[in-house]
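Numbers restart at 1 for each chain; the letters A, B, ... are given by sequence-line order, proteins then strands.
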Number of protein chains: 2
Amino acid sequence: MKEPSKTAVTAWTRLVGAHAAAMDIVETGLKKAGFPPLAWYDVLLELDRAGEDGLRPYEIERRLLLPQYGLSRLLDRIEAKGYLARRPCEADGRGQVVAITRSGRDLRRRMWPVYAAGIEAAISRKLTEADMATLGALLAKLSPAETQES
Amino acid sequence: MKEPSKTAVTAWTRLVGAHAAAMDIVETGLKKAGFPPLAWYDVLLELDRAGEDGLRPYEIERRLLLPQYGLSRLLDRIEAKGYLARRPCEADGRGQVVAITRSGRDLRRRMWPVYAAGIEAAISRKLTEADMATLGALLAKLSPAETQES
DNA sequence: TATTTATGAATGCAGTTGCATTAAACGGAG
DNA sequence: CTCCGTTTAATGCAACTGCATTCATAAATA
């Protein structure tokens, strides 16, 4: 159980701080514009990419690293607003297939400029392109796999 | 409303991913060891540093960037377990003073090795010292101020 | 001093999350 | 084919969060 170096603790601390600050900028932007939280965007993006065929909940679950029960209820809420539709899965009686609706696609499209502005404000305005590239490369080493997109 | 560069989006995405991964390692470690969440540690650390005199809730609030109502209830919970004590503030009738108790100090001390192991696993084992230094410097540019410690 | 405005902290309520469990259907071993 | 272990998804319940409001006191202004 070795003590982490001071450098490590600083990096950890700042990772937490930077994430909180950036997240706050992005989420606040969405909220102020009257949009749902980022998680909705993530789900809608996956579904939009999947197209007509939709996705099984467990696929979304893995891509976005959401807990099973969390996704189940997130889908409930998004579905309740009509942005996605669930239908039973032909090939697997236990499961279902989730697909984005027209208004879901539309919502995602309208959210993006606001989301993008948040990224600009939280990241681009504070770092040079070179810094962002370096940062991205270093952060990549901290997470096991590529799971998210935008 | 300029589009963020691909580099910026990647950096953002990985920031979210790296934070989630690291946080999960640390929080899971604490939980498995039977300890309360990280937030308790943060509060106890501030109080431990403040010593006998304690701190006013609004001071903790600002240092840890917690919402007022969030801290109020967090203090409730920690107090209920006997790790801190609230007493009325002499100088300001509206306020109170929060101080750590002996068992609170003890809890914080026992949590640290587990927390430290989490930082090791989430950060130190995945980056060189030089990388951690670079990362820390870049992340510092993303958050307005220094607010957290360990 | 009386009145207004600002600050420190708690809380009711609705919405969300986490945990553990359940239900249904799949798939393989005997 | 039947039984058993596994996978997919939902849900009851308790804990936690966010928002808006409230209460009490302090500070500022007239």
ask   = So, does the side chain of B:Arg73 form a donor-acceptor pair with the base of D:dG18 at under 3.5 Å?
value =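 Indeed, a donor on one side and an acceptor on the other fall under 3.5 Å apart.
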query = Between the side-chain atoms of A:Gln68 and the base atoms of D:dA10, is any donor-acceptor pair under 3.5 Å?
reply =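 Pair found.
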Backbone N/O of [Y] and side chain of [X]: donor-acceptor pair under 3.5 Å:
X	Y	answer
B:Glu27	B:Asp24	no
B:Ser5	A:Glu129	no
B:Arg56	B:Gln96	yes
B:Thr13	B:Val9	yes

Which listed nucleotide ([options]) is nearest to the side chain of [X]?
X	options	value
A:Gln96	C:dT16, D:dA10, C:dG8	D:dA10
B:Pro67	D:dG18, C:dT17, C:dG18	D:dG18
A:Tyr69	C:dC19, C:dG8, C:dT11	C:dC19

Provide, to the nearest angstrom, the distance between the [atom1] atom belonging to [X] and the [atom2] atom belonging to [N].
X	N	atom1	atom2	answer
A:Leu74	C:dG15	CG	P	16 Å
A:Tyr58	D:dA10	OH	P	14 Å
A:Leu66	C:dG18	CG	P	10 Å
A:Leu75	D:dT8	CG	C1'	13 Å
A:Asp76	C:dT17	CG	C1'	14 Å
A:Leu71	C:dG18	CG	P	13 Å
B:Trp40	D:dA15	CH2	P	12 Å
A:Met23	D:dG18	CE	P	12 Å

key: Rounded distance (nearest 0.5 Å) linking atom CD of B:Glu79 with atom OG1 of B:Thr101   =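 One finds 10.0 Å between CD of B:Glu79 and OG1 of B:Thr101.
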Distance, nearest 0.5 Å, that separates CG of B:Leu139 from CG of B:Leu135 =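 The distance works out to 4.0 Å.
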query = Does a nitrogen or oxygen in the side chain of B:Arg77 sit under 4.0 Å from OP1 or OP2 of D:dC16?
reply =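 B:Arg77 to D:dC16 OP1/OP2: side-chain N or O found under 4.0 Å.
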task = Using a cut-off of strictly less than 4.0 Å, decide whether A:Ser72 has a side-chain nitrogen or oxygen near OP1 or OP2 of D:dA10.
result =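 Indeed, a polar side-chain atom of A:Ser72 lies that close.
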Please tabulate, for the side chains in residues 117-125 of chain B, all donor-acceptor contacts under 3.5 angstrom to protein atoms that are two or more places apart in sequence or on a different chain.
| unit_1 | atom_1 | unit_2 | atom_2 | d |
| --- | --- | --- | --- | --- |
| B:Glu120 | OE2 | B:Ser124 | OG | 3.4 |

inquiry  = Tell me which residues in residues 78-95 of chain A lie within less than 4.0 Å of DNA chain D, going by non-hydrogen atoms.
reply    =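 DNA chain D contact set from residues 78-95 of chain A: A:Arg86, A:Arg94, A:Gly95.
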First encountered from the 5' end of DNA chain D, between A:Lys31 and A:Glu61 =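 Its nearest nucleotide lies further toward 5', so the answer is A:Glu61.
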